[in-house]
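Single-structure report; data block below.
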Amino acid sequence: MKVVVCIKQVMDPEAPPSSFKIDSGGSSVVLPASISPVLDLYSEYALEAALKIKDASNAQVIAVSLGVNLQRDVIKKPLSMGADDLILLEDEAFADSDSWTTAYALAMAIKKINDYGLILCGRQSADWGNGQVGLIIAEILGLPVVTMVRKIDVSDKKTIIERTFEDGYEVVEVPLPCVLIVSNEIGEPRYPNIRGIMAAKKKEVIAWKPSDIKLEASQIGFSGRRNNLSRLFQPVRNSKCELITGDTPEETALNLATKLRENKLL
Amino acid sequence: MTDHKGILIFGETLNDTLSGTAKEILGCGRKLSDILAEEVTIILFGKDLNKAAQEAIAYGADTVYKANVSRLDEIGSDFYIPDIEKIAKQVQPRIFLMSQTATGSNIAPRLAYRLNTAVTTDCIELGFDKDSGLLQQTRPVYGGNALAIFTSELHPQMSVLRPKVFSPIQPDSSRQGNIIEIESITSEIKDKPKILKRVIQKSDGFRLEDAPVIVTGGRGIGSIEGFKQLEELATILKGAVGASRPPCDNGWVPNSVQIGLTGKIVAPALYFAVALSGSSQHVSGCSGSKNIIAVNKDPEANIFNVARFGIVGDWKKIIPALTDEIKKRLAE
């Protein structure tokens, strides 16, 4: 069975907030040269879910990523973790995609992959974090979808999922093919081993251009957007932090407690 | 110009009463509708919605569509979509709002696709563009490092609102409204995911998302024992313990208490951030808190940038002293 995993390269969310800058036009984030991009955390969770399925069966794991300036050492991580193939939709025309144009291009790529059983996506990305792409892919392809997935058991024609929600979890049966949106409860993503890293180095990535997946210029990137970014800015923190001090920890604690009382917080 | 008029809301119910988030979206919808001088319509699903419908009107709805469905506790997000899609196509709203809950975030992008429009998720502010009259939807991006304002020319203008950000209006039981009963068409869906079992996991004390006070520890707490001390402070404040990512990765606390991008999003009245630096990964999960109190030995730690009160010092000395002091005050 083919298991397709949608993955994304993002700016490192653990980078110090002081390194975060927006261009003067207020329309895009300036990527700091000193900080390397990373594979999105939720992409890794989705990959881990796919690789668990591969561990238990003879699934073929195919990672697909859309973007621009994809760094090979970052974006090839799925291969070093154990994925079989990596397809890159990398083209300037894909720049400034929104959830809709991203989902549309990925769905067209998935159609070209053909004969897929499962499509896995992460819950939301660390950068724009819309949390929409997987759900829109399901709609475009007309597939059932389950969100917040923490466990996947695949058998012949169906799959049994555990899905978390606010108060607990549900056990859900879904027919194949389907889209599953993976949450962090799936378990820590595995580290690539040396053999995996060496194999990934040698492995050629598969590159598809918009025309390879029958996309018109009007349907992709900025031109196809349905949601427009009017402004991007850094919030002014108006809550100046008031530092509480004291000569001893006890005095500091007393001063904080008094402050909390004064503000009716205690 | 658009033929779309009014505001449509998908309101969630809990045991046939209006949920807290539904009241919040009604509050937001009412404000927008007063600016537009247009009506607010809400869709509710449940077994016996007479009371919830009256409540919705008191909280600002002009029209309530109620879909009576049995066994609501066993149905999943998929069941809502066909009914909501049908009503949205009938009502043709200018604006369509729902809440960033497990259900809301599941159905919003799918409904947007079916209604040929776009949706902005996780909104914390809504307003109108002066020139175009389009809805300006503000949401945090890049883990809260930036705010983005989105607009779309497509209708309905769809937004999913972050819980605990928008305020309900003062309920007025004398408000009048229409209640329309609808025949649910959920049984017509084929190939839907089927729920086999539903397990409610009641945690001790509060659900993290509902706790009025949260005491959160970071990497600097260093051990399971360290978190026991935070637990003590949380207990006397009738709150819950949370953690940033490193303590969860190290197994000091279960993953379920993680707050941040890859965990829960909380907004308590009082949030103690202890021995954590305040990475955007973490701050994106707690920035909605009303009052953040930071304790960190590094005065340059980013958490002080979002905190209201801060103590620069060793948490191992500060937290026990603070626990004793608060115990004393609460006993008075």
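In the text below, chain A, chain B and the rest are named by the order of the sequence lines, each starting its count at 1. Just so you know, these numbers come straight off a predicted model, no measurement behind them.
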* **Interface moiety of Asn291(B) toward chain A, non-hydrogen atoms closer than 4.5 Å** => side chain
* Best-contacting candidate, Glu14(A), Gln132(A), Met11(A), against chain B by heavy atom pairs under 4.5 angstrom -> Gln132(A)
* Which atoms of Ser105(B) approach chain A - backbone, side chain, both or neither, heavy atom under 4.5 Å -> backbone
* Asked: What option among Leu330(B), Thr120(B), Ile107(B), Thr101(B) has the most heavy-atom pairs under 4.5 Å with chain A?
  -> Thr120(B)
* Measuring heavy-atom distances to chain A, does Asp314(B) have an atom under 4.5 Å in its side chain, in its backbone, in both, or in neither? -> neither
* Structure fact -> Applying a strict 4.5 Å limit to non-hydrogen atoms, the region of Ile293(B) in contact with chain A is side chain
* Asked: For atom NZ of Lys194(B), is the number of surrounding heavy atoms from other residues, nucleotides or ligands below 6.0 Å larger than 12?
  -> no
* On the 0 to 90° scale, with breaks at 30° and 60°, tag the Phe20(A)-Tyr142(B) ring pair as parallel, tilted or perpendicular. => tilted
* Asked: Between Leu237(B), Thr103(B), Val141(B), which shows the greatest number of heavy-atom pairs under 4.5 Å with chain A?
  -> Val141(B)
* Among Ile303(B), Val283(B), Ile259(B), Asn302(B), whose side-chain contact (heavy atoms from CB on, under 4.5 Å) with Leu276(B) holds? -> Ile303(B)
* **Among Ser277(B), Gly313(B), Ser152(B), residue most engaged with chain A (heavy-atom pairs, under 4.5 Å)** => Ser152(B)
* Structure fact -> Of Ala108(B), Ser279(B), Ala269(B), Ala102(B), the largest count of non-hydrogen pairs under 4.5 angstrom with chain A goes to Ala102(B)
* **Part of Gln136(B) within contact of chain A (heavy atom distance under 4.5 Å)** => neither
* Where on Leu154(B) is there a heavy atom nearer than 4.5 Å to chain A: the side chain, the backbone, both, or neither? -> side chain
* Relative to the ring of Trp100(A), is the ring of Tyr113(B) parallel (under 30°), tilted (30 to 60°) or perpendicular (over 60°)? -> tilted
* Part of Leu147(B) within contact of chain A (heavy atom distance under 4.5 Å) -> both
* Should we count NZ of Lys52(A) as having more than 12 external heavy atoms under 6.0 Å? -> yes
* Answer yes or no: does atom CZ of Phe233(A) have more than 12 heavy-atom neighbours from other residues, nucleotides or ligands under 6.0 Å? => yes
* Asked: For atom CD of Glu300(B), is the number of surrounding heavy atoms from other residues, nucleotides or ligands below 6.0 Å larger than 12?
  -> no
